[in-house]
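Throughout, a chain's letter reflects where its sequence line sits, starting with A, and its residues are numbered from 1. What you are looking at is a predicted structure, and each value in this text was computed from that prediction instead of being measured.
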Number of protein chains: 2
Amino acid sequence: MRVTQKSIADKIGVSVSLVCRVLSGRADEIGVAEETRKRVMETAEEMGYVPNLAAQTLRGKPSRTVGVVVYDFQDSFFSDLVGHLQRIVHSAGYSTVIVGFTDREIDTQDLSPLLQRALDAVIVVGSDLTGNVFERLKHVPVFRIGVGFPGESTICYTADEERAASELASYLKERQVANVMCVRHVSPILERRIEGMRRALEGAGLRVESIVAPKGLRNFEAGFWMATEHLKPNALPDAVVCAIDLIALGVIHGALSRRIRIPDQLKVTGFDDIAVSRQIYPPITTFAQPVVSIVERIVERIGKGDFEIGVEYVYCPLLRRLSC
Amino acid sequence: MRVTQKSIADKIGVSVSLVCRVLSGRADEIGVAEETRKRVMETAEEMGYVPNLAAQTLRGKPSRTVGVVVYDFQDSFFSDLVGHLQRIVHSAGYSTVIVGFTDREIDTQDLSPLLQRALDAVIVVGSDLTGNVFERLKHVPVFRIGVGFPGESTICYTADEERAASELASYLKERQVANVMCVRHVSPILERRIEGMRRALEGAGLRVESIVAPKGLRNFEAGFWMATEHLKPNALPDAVVCAIDLIALGVIHGALSRRIRIPDQLKVTGFDDIAVSRQIYPPITTFAQPVVSIVERIVERIGKGDFEIGVEYVYCPLLRRLSC
DNA sequence: TTGTATGCGTTATCAT
DNA sequence: ATGATAACGCATACAA
């Protein structure tokens with residue numbers, strides 16, 4: 001049996017409420033004999049008392065628990081993000097209950113770990129989630145990292161894709177790129193991002209060809225497929241632009257395996273700055289999403305109870321690396 | 001205010017206990033008028049009733065929650081693992097409370113999210129954790145993925161490193177490798193693994209040189225440092241053997257950036273088969289830890305309440321790929 | 001300075 | 001077939 005306030009009280013022959021007052025730290029506030037206080041503290045320590053969260057929660061105490069919904073655990077952008085999130089949230093004294101999905105629709109059943117609990121907030125990571133997910137989470141503030149959909153009641157931190165696109169256009173021009181290929185994809189969010197890039201590139205006078213990956217290919221595979229099916233060594237574009245690093249990774253893998261040299265013969269760009277992008281050779285030119293500061297801001301807002309709905313666009317600096 | 005059994009009872013003018021019986025599914029078992037049953041169900045649905053986990057837990061119902069302790073979130077072996085774990089655990093009807101650390105000692109405070117909760121089990125992922133972590137988790141069965149330390153009361157699934165080492169030795173011999181470099185490292189667990197490999201390689205008649213990375217370098221950086229500081233283009237070893245893929249990734253990055261061709265001039269091997277190892281070019285020859293089946297077995301055992309202490313050695317097949 | 005009583009939401013037991 | 005009551009562990013208002 002686990003140690004409760006009652007077991008402590010019984011042991012030293014006082015009442016439960018006295019023990020409670022001491023343990024909840026308001027001993028002096030209310031007035032408790034110093035000696036009693038000491039005895040309670042010592043006994044609690046000695047017996048290994050740990051407060052029962054269920055009981056506290058039932059009494060209405062905030063559980064200091066944050067729910068996390070992760071769309072695609074296979075994309076290391078998200079799993080890295082969860083790592084940071086976990087660390088930052090925890091150092092602010094919260095714990096995390098995580099629910100994740102890869103490549104499938106979410107149903108209500110899936111969210112029950114979050115619905116059943118008293119949560120201080122929910123953080124949704126990953127963009128390919130539609131509105132019905134959020135309708136179930138009405139009783140709790142929802143923060144979202146990624147692109148939201150119109151009319152949703154979340155506090156959304158989104159990459160400033162427009163600015164990124166225009167920065168990319170200038171950079172490619174500066175590097176004498178004239179012909180570009182884009183990898184298109186089933187994900188509506190990535191479509192949107194790559195479409196913004198296409199517009200910016202064409203606006204800057206570049207020629208853009210879009211390659212649509214077959215349905216069912218995941219990110220890396222889509223990039224790999226594009227490289228093996230559409231990169232003709234004798235008619236290469238100057239650059240391939242990708243919506244995320246994982247796709248770029250696939251392009252680079254496909255290109256290198258066909259002995260296409262990067263970046264001499266072909267430049268490749270991504271988005272997200274996942275760890276691998278720095279770890280492969282050549283490292284990928286990409287945009288850094290400032291995930292740490294986003295998460296820090298979110299945790300800070302959770303602490304302050306600042307839940308004002310809205311979208312904030314976050315600047316993602318271009319990291320010029322060897323792939324481009 | 002959230003919907004409770006009481007609010008449902010009030011609305012349709014019956015007692016709470018009746019509502020409870022219907023909602024907990026034992027309506028027929030005890031005897032409830034079909035019509036009443038229906039009305040309760042419909043009202044609950046309509047009002048959006050969700051059982052209060054805290055109350056259920058307080059009553060002693062298993063919370064169907066599994067605690068997860070992750071040592072190094074930056075190593076994608078672990079973050080991938082968390083993804084699988086999350087998925088498998090969840091599809092068996094459990095939720096996960098995750099606690100993570102990177103590069104620092106764990107103190108009791110850190111574990112409080114786990115200690116406070118009623119957990120069905122704890123799964124510890126990552127090996128560089130000492131005994132005092134587990135002492136605090138005496139009241140709950142602990143499963144461990146990775147190497148345990150002697151005398152610890154956990155149910156441990158460990159890679160069969162001995163078998164892997166001997167497989168590696170045969171493979172390298174088969175490939176006419178005579179001189180090998182090993183990257184050594186501060187982590188005691190990785191030290192142990194690489195030491196086992198060294199023994200096997202020398203036993204097979206290979207010459208092995210160990211390079212010790214400076215303290216403070218993390219996995220990738222240790223590999224990178226080794227490649228840039230110790231690979232002399234005019235005196236290369238035939239192969240570099242690494243304790244994990246992340247270190248191998250660093251070696252490969254360092255080698256490629258110095259125009260050393262892999263695998264013609266230098267072979268590189270890793271361990272873990274993280275996703276990147278397949279995604280970079282050339283892909284890394286490595287050992288696959290069967291994480292999915294390990295996690296599945298653990299979840300199955302949690303369900304059955306089979307908590308018999310012990311160590312199980314798991315076969316990790318060698319995946320022959322282009323880096324070697 | 002300390003103790004008693006009450007309620008959070010759910011459920012098991014006993015009573016009607 | 002349905003209702004009343006008590007208990008889980010904690011925290012508070014109130015009484016002593």
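Contact annotation: A:Gln56 side-chain N/O to D:dG9 OP1/OP2 distance is not under 4.0 Å. Within the structure, a side-chain polar atom (N or O) of A:Thr36 is placed less than 4.0 Å from OP1 or OP2 of C:dT2. Between A:Thr4 and D:dG9 there is no side-chain N or O to OP1 or OP2 distance below 4.0 Å.
Residue-level contact check: B:Val14 touches the backbone only, with heavy atoms under 4.0 Å from sugar-phosphate atoms and none from bases. Backbone-only engagement by A:Arg26 is indicated by non-hydrogen atom pairs under 4.0 Å involving sugar-phosphate atoms exclusively. Residue-level contact check: B:Gln5 touches the bases, meaning some heavy atom is under 4.0 Å from a base atom.
One interatomic measurement links the two molecules: CZ of A:Arg59 to C1' of C:dT10, which rounds to 17 Å at whole-angstrom precision. Going from atom CG of B:Asn52 over to atom P of D:dC8 covers 18 Å, rounded to whole Å. Spacing between atom NZ of A:Lys6 and atom C1' of D:dA11 amounts to 16 Å, rounded to whole angstrom units. Counting to the nearest Å, the P atom of C:dG9 and the CD1 atom of B:Ile8 are 12 Å from each other. Taking atom NZ of residue B:Lys38 and atom P of nucleotide D:dA1, one finds them 16 Å apart after rounding to whole Å.
The neighbour count for A:Arg2 CZ, taken as heavy atoms of other residues, nucleotides or ligands under 6.0 Å away, is above 12. For A:Arg87, the CZ atom is densely surrounded, since the number of other residues' heavy atoms within 6.0 Å is greater than 12.
Each of A:Lys61 and B:Ser17 has a nearest nucleotide on DNA chain D; the 5'-most of these lies closest to B:Ser17.
In plain terms, the two heavy atoms of A:Ser95 and B:Pro113 that are nearest each other are CB-CB, 3.5 Å. Of all heavy-atom pairs spanning A:Ala55 and B:Leu58, the tightest one is CB-CD1, 3.7 Å.
Side-chain atoms of A:Arg21 and base atoms of C:dG3 include a donor and an acceptor less than 3.5 Å apart.
Nearest to the side chain of B:Ala33, among D:dT2, D:dA11, C:dT4, sits D:dT2.
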